[in-house]
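A short write-up of the structure that comes next.
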Amino acid sequence: VIAHGGRDENVPPAQSKNLHTALNRANKAHEFLIYDEGHGFENPEDAIDFLRRVEAFLQRTLLRSDERLKAVGWSTHAGTRAQSPHGREL
């Protein structure tokens, strides 16, 4: 999840936009958010929104990864590393 303050004077928002563009070209899962903030969160509502979006993104992408591992015979268990059908860990 890429988040940037639209009024950030320390890091140009163009840097995040360039990363977003590169991830799109590489067809990589991501979200790109611009908040009406400077460098860092001043508004608690924006910070909460960002953390909720990160949580949702991780749930979606980690679930998808888990399903892919299972499709090729690997297994995962909560709190453990992925294991191959032959017992090797990732």
Side-chain angles (χ1 to χ4, degrees):
V1 178
I2 306 164
H4 208 109
R7 297 181 284 112
D8 190 339
E9 295 180 4
N10 294 342
V11 179
Q15 288 187 9
S16 290
K17 291 177 185 175
N18 290 341
L19 177 58
H20 166 64
T21 299
L23 290 170
N24 273 340
R25 285 184 186 145
N27 199 28
K28 299 296 181 183
H30 71 286
E31 287 188 30
F32 179 50
L33 309 167
I34 299 273
Y35 289 94
D36 185 24
E37 298 269 5
H39 189 78
F41 289 109
E42 296 171 12
N43 181 347
E45 292 173 2
D46 288 342
I48 290 168
D49 177 72
F50 171 70
L51 293 174
R52 286 184 176 152
R53 289 173 183 259
V54 168
E55 179 182 29
F57 177 82
L58 291 174
Q59 286 177 348
R60 282 192 316 274
T61 57
L62 292 178
L63 174 62
R64 212 170 54 204
S65 296
D66 187 51
E67 290 170 353
R68 288 180 185 155
L69 288 172
K70 288 178 183 175
V72 295
W74 289 65
S75 64
T76 59
H77 304 284
T80 65
R81 303 180 96 182
Q83 286 191 331
S84 75
H86 308 290
R88 288 178 285 180
E89 285 191 358
L90 283 178

After noting the C-alpha distance and the side-chain angles of Thr21 and Arg25, does the key distance pass the side chain to side chain contact (heavy atoms under 4.5 Å, CB included) rule?
CA-CA 6 Å; Thr21 299; Arg25 285 184 186 145; 3.6 Å; yes
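- Once rounded to the nearest 0.5 Å, the distance linking CD of Gln15 with CG of Asn18 reads 7.5 Å.
- Of all heavy-atom pairs spanning Pro13 and Gly5, the tightest one is CG-O, 3.7 Å.
- Hydrophobic clustering (side-chain heavy atoms under 4.5 Å, transitive across Ile, Leu, Val, Met, Phe, Trp, Tyr) keeps Ile48 apart from Phe41.
- Counting all heavy atoms, side chain and backbone alike, Phe32 lies closest to Lys17 at CZ-CG, 3.5 Å.
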Step by step, would you call Asn24 with His30 a side chain to side chain contact (heavy atoms under 4.5 Å, CB included)?
CA-CA 8 Å; Asn24 273 340; His30 71 286; 3.1 Å; yes
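- Remark: side-chain polar atoms of His4 are paired, donor with acceptor, to backbone N or O of Val11 under 3.5 angstrom.
- Residue pairs that meet the side-chain hydrogen bond (donor to acceptor under 3.5 Å, both in side chains) test with at least one member in residues 32-45, sequence neighbours left out, are Arg7-Asp36, Asp8-His39, Tyr35-Asp49.
- Taking hydrophobic clusters as Ile, Leu, Val, Met, Phe, Trp and Tyr residues chained together by side-chain heavy-atom distances below 4.5 Å, Ile2 does not share a cluster with Phe50.
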